Amino acid sequence: MNEVFAWREAPIADFAVIGHPIKHSLSPKMHTAAFIALGLEASYVAVEVLPGEVSEALDALRIKGYRGINVTVPHKEEAFLWCEETTSISQRLRVCNTIDLASRRGTNTDAEGFSRSLADYPFSSKKALVLGAGGSTRAILSALEAEGWDVSLWNRTQSKAASLLERFGSKAMLVDQPDLADNDLIVNTTSASLSGDRLPVNWSKANPDALAYDLAYGPSLTPFLSDASSFGLAVMDGRRMLMEQGAAAFEFWWNREAPREEMMAALQ
Ligand code: ATR
């Protein structure tokens, strides 16, 4: 667990992740491992920021000399509004998870992190079912659509999925049942795993060559992945995406290749 600083008492440091809550974030460990691997003299801390205080906190950290900030739940939209310059992907998603403080330039590396986490996977075709319509879903839809996937979206509250598709101009097909048949990839973006809940999916209908992907992760398989695995599907949890979004953030700040192996090892 991280030592957590309130933003008004943040120490002099180079980088930070801000969120609420923030004590379980793995970003300090992962980025510190990257700095050590490359012999960079830099520090990275966890800073607690309450909703509504993001803009004030970013101003204060900038004045303190922080170079870069990662932003996690629930602050990515407020962070986007603070930035003076944003990349096209963050404009499309209207959220920032990575900021260069001096230039007030922000980006979002979640979609890239998700795409890269799948880059080496041997899919035979590109048909995906995405479950959920929460904070992380839009980055996943954007990544899949950019790579030509045919995407269906299911959410427990269908109206929320419909408004997400409309708001972000996604072409995914809204479905009222999470039908697994024919899909090569099934992505769980809901927070059901975090509360130990199961989604109403019938794994016996899944293509046995499909990959089940849960953005959540824990010390053991999430209920979603454990069920998928018992039906013979390959599984992937959210750790690789976490590493890849962190590696893309590192590259945004340092303009050099991130040490992915060491960053991944820090998450085990
Ligand atoms: P927010 O909705 O505030 O962005 P989130 O944690 O990013 O919060 O999103 C929660 C997602 O997980 C939603 O898609 C939610 O479904 P609803 O829109 O129907 O609430 C989904 N979710 C959480 N618990 C779930 C459960 N037990 N079963 C199915 N879906 C669940």
Side-chain angles (χ1 to χ4, degrees), residues 17-27 48-54 70-81 89-90 92-98 108-114 117 128-145 151-170 172-180 183 185-203 205-206 212-218 220-228 235-239 241-242 245:
V17 58
I18 64 166
H20 175 71
I22 199 62
K23 69 172 181 286
H24 295 291
S25 169
L26 293 171
S27 291
E48 178 86 29
V49 175
L50 296 177
E53 296 184 350
V54 173
N70 280 135
V71 184
T72 189
V73 179
H75 297 327
K76 295 182 189 183
E77 292 183 28
E78 279 187 67
F80 173 79
L81 297 174
I89 179 69
S90 56
R92 223 165 32 245
L93 302 174
R94 301 200 57 77
V95 284
C96 278
N97 75 335
T98 303
N108 187 290
T109 66
D110 291 326
E112 180 183 344
F114 178 71
S117 73
L129 173 67
V130 175
L131 309 169
S136 50
T137 313
R138 53 181 111 147
I140 305 308
L141 292 177
S142 166
L144 290 171
E145 286 174 23
V151 184
S152 303
L153 177 68
W154 172 85
N155 190 46
R156 178 177 61 182
T157 312
Q158 200 178 14
S159 57
K160 217 168 129 192
S163 65
L164 184 137
L165 294 182
E166 199 183 307
R167 185 155 175 239
F168 296 102
S170 163
M173 185 170 76
L174 191 60
V175 292
D176 57 7
Q177 296 295 328
D179 181 7
L180 305 190
N183 285 293
L185 171 66
I186 301 144
V187 190
N188 179 18
T189 75
T190 75
S191 49
S193 293
L194 302 178
S195 45
D197 291 341
R198 283 188 151 73
L199 297 171
V201 290
N202 183 352
W203 289 106
K205 295 271 173 58
Y213 194 131
D214 197 336
L215 298 195
Y217 55 85
S220 54
L221 283 186
T222 65
F224 179 81
L225 295 184
S226 148
D227 291 348
V235 299
M236 191 182 292
D237 73 12
R239 238 173 293 229
M241 176 178 168
L242 174 68
Q245 67 74 32

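Predicted model, so just to flag it, every value in this text is computed and none were measured. Just so you know, residue 1 is the first one in the sequence shown, and it goes up from there. Atoms within a ligand are numbered from 1 in the order they appear, just like the ligands themselves.
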Side-chain (Thr222) to main-chain (Leu225) donor-acceptor, under 3.5 angstrom:
yes

Any Leu26 side-chain heavy atom under 4.5 Å of Tyr217 side chain
yes

Sequence neighbours excluded - salt bridge (Lys or Arg N to Asp or Glu O under 4.0 Å) pairs with any residue from residues 135-145:
Glu77-Arg138

Tell me the residues surrounding ligand 1, counting only those with a heavy atom closer than 4.0 angstrom, sorted by chain and number.
Gly132, Ala133, Gly134, Gly135, Asn155, Arg156, Thr157, Lys160, Thr190, Ser191, Ala192, Asp197, Leu199

Look up atom OG1 in Thr98 and atom CD in Gln245, then write down how far apart they are to the nearest 0.5 Å.
6.5 Å

Heavy-atom distance under 4.5 Å between the side chains of Trp154 and Asp179, does that happen here?
no

Tell me, do Leu164 and Asn155 make a side-chain contact under 4.5 Å, heavy atoms counted?
no

